[in-house]
Number of protein chains: 2
Amino acid sequence: MSSDIENKCLKKGVRLTDQRKVIAKIMSESNDHPDVDELHKRVNNLDSKISIATVYRTVKLFEEAGIVAKHDFKGNKARYEQTTLDHHDHLIDINTGEITEFVNEDIEKLQKKVAEKLGYKLVDHRLELYGSKIKK
Amino acid sequence: MSSDIENKCLKKGVRLTDQRKVIAKIMSESNDHPDVDELHKRVNNLDSKISIATVYRTVKLFEEAGIVAKHDFKGNKARYEQTTLDHHDHLIDINTGEITEFVNEDIEKLQKKVAEKLGYKLVDHRLELYGSKIKK
DNA sequence: ATAATTGCAAATGCTTTGCTTGTGA
DNA sequence: TCACAAGCAAAGCATTTGCAATTAT
């Protein structure tokens, strides 16, 4: 059974090795935002011989192919997630590290407007909210 | 003549050494967002014996005292600026690296609202726009 | 066949730290 | 005086890379 990411690799002409298939499968199944260490652990459950160097190389390759997205949240190592159709930003729980995704079109529009007012074409952006859970 | 940052140190009870005075002066005079290497170079023009370790330690100290702000823009080393009264965000020119500061109250409000809707109290945030200059 | 990929260990780049000597309040 | 700070070099940490062996197409 080929994973979602595996199919994207085929489409983009990314050569599929056994290691890449395993990493693709793990990332396709992950609904969180694992860092390389965590990915390596999960990958090693399926094939314990895959090195962390290969995970680093593969994750970078996938990122350059637009298949996965890399995030450098505050004070942490890089974390990855499969690219989705929709654009979303992240809210990070400062106590637990838990990540919630959100979409807000109004903010998107304002960002574009701000950039244009300053004489720039908006190419990319980064919006992260850091908060603590409100107990009710 | 004591610098702006030097005064803040006095107010916060941060011990003032010769090295810290020099670093404070340099940062007070800087209107850009220098990284530690750049700060070290500027500082060494006034006192060539100040080590980069001291710059690292001092910049961290100032940050913890709320005197300077640290930014980790995409793909770069940490950069610093003196904290100002107003809160502002940054637009980074993807071609030149040039940084423009901006303030947008509407975006701020929306961020707070988004966090609350998700059950969080907004504690901190990060908003960076990346763009390329529009030629006219 | 053969250019690309892997695993390993060593190298990297930024940042922090241990230790000894120096110094501000 | 004496707890704290500075300078130096070594250590840390995440990530990248050189090289010889292996593999996908």
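Just so we're on the same page: letters track the sequence lines, and every chain starts at 1. Since we're looking at a predicted model, the values are computed, not measured.
- Listed for the B/R20 side chain is a donor-acceptor partner under 3.5 Å among the backbone atoms of B/R15.
- Heavy-atom nearest nucleotides on DNA chain C were determined for B/D72 and for A/I50, and the one closer to the 5' end corresponds to A/I50.
- A/T83 places a side-chain N or O within donor-acceptor distance of the main-chain N or O of A/G66, the cut-off being under 3.5 Å.
- Pairs engaging residues 89-129 of chain A under the ring-ring contact (aromatic ring centres under 6.0 Å, His included) rule: A/H33-A/H90, A/H71-A/H90, A/F73-A/H90, A/H87-A/H125, A/H88-A/H90 [sequence neighbours left out].
- With hydrogens and angles ignored, the 3.5 Å screen pairs a side-chain donor or acceptor of A/S30 with a backbone N or O of A/I26.
- The same ILVMFWY cluster, assembled from side-chain heavy atoms under 4.5 Å apart, contains both A/L91 and A/L110.
- Using a cut-off of 4.0 Å between Lys/Arg side-chain N and Asp/Glu carboxylate O, B/K25 and B/E29 are scored as salt-bridged.
- A/L127 and A/I92 fall into different hydrophobic clusters, defined by Ile, Leu, Val, Met, Phe, Trp and Tyr side-chain heavy atoms under 4.5 Å apart, directly or through other members.
- Using a 4.0 Å cutoff on non-hydrogen atoms, the parts of residues 56-71 of chain A near DNA chain C are A/R57, ordered by number.
- Going from atom CG of A/D47 over to atom NZ of A/K21 covers 12.5 Å, rounded to the nearest 0.5 Å.
- Looking at heavy atoms from C-beta onward, A/R126 lies in side-chain contact with B/K74 at the 4.5 angstrom threshold.
- Here the C1' atom of nucleotide D/dA6 and the CG atom of B/N44 are 14 Å apart, to the nearest Å.
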What one-letter contact string describes nucleotides 20-25 of chain D from 5' to 3', where B marks a base within less than 4.0 Å of any protein heavy atom, S marks contact via sugar-phosphate atoms alone, and - marks no contact? ----BS
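- Within residues 32-40 of chain A, no residue has any heavy atom under 4.0 Å from DNA chain C.
- Of all heavy-atom pairs spanning B/T84 and B/D86, the tightest one is OG1-OD1, 3.0 Å.
- For the residue pair B/Q82 / B/D4, a side-chain donor-acceptor distance below 3.5 Å is found, with atom types taken as modelled.
- Without hydrogens or angle criteria, B/K70 side chain to B/Y80 main chain gives no donor-acceptor distance under 3.5 Å.
- With axes fitted over five pairs at each extremity, the angle between the ends of the helix from C/dA1-D/dT25 to C/dA25-D/dT1 is 40° (10° resolution).
- A 4.0 Å heavy-atom criterion places the boundary nucleotides of DNA chain C facing chain B at C/dC14 to C/dA25, written 5' to 3'.
- Not a single donor-acceptor pair under 3.5 Å links the side chain of B/S48 to the backbone N or O of B/N44.
- A salt bridge links B/K77 with B/D37: the distance from a Lys NZ or Arg NE/NH1/NH2 to an Asp or Glu carboxylate oxygen falls below 4.0 Å.
- Between A/E38 and A/R42 there is a salt bridge, since a side-chain N of the basic residue sits under 4.0 Å from a carboxylate O of the acidic one.
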